[in-house]
Protein chains: 2
Amino acid sequence: MAERPFHHGNLRAVLLDEATVVLRESGVDGLSLRDLARRAGVSHGAPRSHFVDRQALLDALAEVGFRRLTADVRAALDGPGDVRARFLRVAGVYVDFAIDDAALMDLMFQAKAQTGGWPPEVSAAAVELFTVLDAAMGPRSADTDADARDAFKMLFAATVQGIASLVSSHRVSRADGDRLVTEAMVMMLDSALAARTVSAG
Amino acid sequence: MAERPFHHGNLRAVLLDEATVVLRESGVDGLSLRDLARRAGVSHGAPRSHFVDRQALLDALAEVGFRRLTADVRAALDGPGDVRARFLRVAGVYVDFAIDDAALMDLMFQAKAQTGGWPPEVSAAAVELFTVLDAAMGPRSADTDADARDAFKMLFAATVQGIASLVSSHRVSRADGDRLVTEAMVMMLDSALAARTVSAG
DNA sequence: ACCTGAACACCGTTCAAGT
DNA sequence: ACCTGAACACCGTTCAAGT
């Protein structure tokens, strides 16, 4: 049974695993259905049974990406410390993910810009991430301004995304990126806490 | 002479122009040397005389992109107003460029992450942009801390890049993006001016 | 239900040949 | 110096056929 091809019933999972590796090593351009089929030891038409076209594979990759990032953020939220500490950890894991899996990150958010936005499965995974990120800001209360809260969320996302982008494009070193995350978070929290945008609890 | 093919002596420029249009409409994936040749009315091998391979075309596109962005930033610097006004205008044109030509922007900074970094021509055009951006911060003086100045530059770049990224991926509307630019700049300048990072002149 | 293998239209790249 | 056109190896996608 060792010589039995290992793609009996789990070719989809095998293709996704292979794709994850290739994506990290060679970027999206390096992803080819025929190459993945070759790596999995099946014919070039086989992937079609699990992914209608190349885009369907990319969408599936984006979905697992969102799930993994959500898990990372959740882990960063669980733990000791006040708002500052929590935000620093969340920003840290988010930037780390965006740098280590830059191609995947592009895939995840680029799919939304396509015609029709995210397909249902990807959308569900993305919404889950945003829910967790929202929870990171603490409970909504009467003394927090909803607009300011939204503005803070957007600024947080922009800053984190931007720093990751700078590191990915080698415009700043990874160490400088880490320092930037801290500086930016401190600055944002100082400005936001003064305006009671986020809960201090 | 109207029926004379218009590619006598300027095929390179024609190809670059066509490529700019295609890039904006269909992204990098839509760029094909054979298709550009077809549009220009030449054989599929003709582009080879001006671009050794597809990457050489992408590099040339990145170069003209840097030149155009540099011109935009320069124009934003010339004009009335104090540091705040100047920075708001610079951030504005930068974000506009990054949104309207998102694919080109990716190309410009992605080329640096490739093996070997930027080719000489692209590098020269990029350095010119950074020089102009540096000048936007005003003259260096004895009372400005060099480290804080670098940190501010990186934070500026990250914020601007991040906001553009959010708008490009449709995570925030263009209007919200504009608001974010203003808020982020005000916040950064408040924090930086207090530390004398940028010149008030 | 899942996989094979031929077929088709597209690529990038190379290169001898023309002007 | 610049362009043509055949050739090659690679794609994604479709589809009849097998099990």
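To find a chain, count down the sequence lines: A is the first, B the second, and so on, and within it residues start at 1. Hydrogens, waters and symmetry mates play no part in the numbers below; they use all other heavy atoms, side chains included.
Residues A:Leu61 and A:Leu23 share a closest heavy-atom pair of CD1-CD2, 4.4 Å. The two residues B:Ser168 and B:Ala98 make their nearest non-hydrogen contact at OG-O, 3.8 Å. Minimum interatomic distance between A:Leu77 and A:Arg89 (heavy atoms only, all atoms of both residues): O-NH2, 3.8 Å.
Between B:Asp178 and B:Arg174 there is no salt bridge, since no side-chain nitrogen of the basic residue lies less than 4.0 Å from a carboxylate oxygen of the acidic one. For the pair B:Arg74 and B:Glu128, the salt-bridge criterion is met [side-chain N within less than 4.0 Å of a carboxylate O].
Nearest to the side-chain atoms of B:Ala46 among the listed nucleotides C:dT13, D:dT4, C:dT4 stands D:dT4. Of the candidate nucleotides D:dG12, D:dA7, C:dC3, D:dG12 has the atom nearest to the side chain of A:Ser32.
As a whole-Å value, the separation of B:Leu11 CG from D:dT4 C1' is 13 Å. In this structure, CG of B:Asn10 is placed 19 Å from P of D:dA1, rounded to the nearest angstrom. Atom CZ of A:Arg34 and atom C1' of C:dC3 are 15 Å apart (whole Å). Rounded to whole angstrom, the span from the CG atom of A:Asp29 across to the P atom of D:dG12 amounts to 12 Å.
Between the side chain of B:Ser191 and the backbone N or O of B:Met187 there is no donor-acceptor pair closer than 3.5 Å.
When each of A:Asp35 and B:His50 is assigned the nucleotide of DNA chain D with its nearest heavy atom, B:His50 is the one assigned upstream, toward the 5' end.
Atom CZ of residue B:Arg171 and atom CD of residue A:Gln161 lie 4.0 Å apart, to the nearest 0.5 angstrom.
Residue contacts for B:Ser49: at a heavy-atom cut-off of 4.0 Å it reaches a base atom on one of the strands shown. Among the atoms of the strands shown, none is found under 4.0 Å from any heavy atom of A:Arg12.
In this structure A:Lys153 satisfies the side-chain hydrogen bond (donor to acceptor under 3.5 Å, both in side chains) test together with A:Asp134, sequence neighbours excluded.
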Return one dot-bracket line describing DNA chain C 5' to 3' (Watson-Crick or G-U wobble pairs, both distances under 3.5 Å; ( ) same strand, [ ] crossing, | another strand, . none).
||.|||||...|||||.||
Letter by letter from the 5' end, nucleotides 14-19 of chain D scores (B base, S sugar-phosphate only, - none; protein heavy atoms under 4.0 Å) B-----
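Ring geometry for A:Trp118 against A:Phe109 counts as tilted: the plane angle lies between 30° and 60°, on a 0 to 90° scale.
Here A:Arg38 reaches the OP1 or OP2 of D:dC11: one of its side-chain N or O atoms lies under 4.0 Å away.
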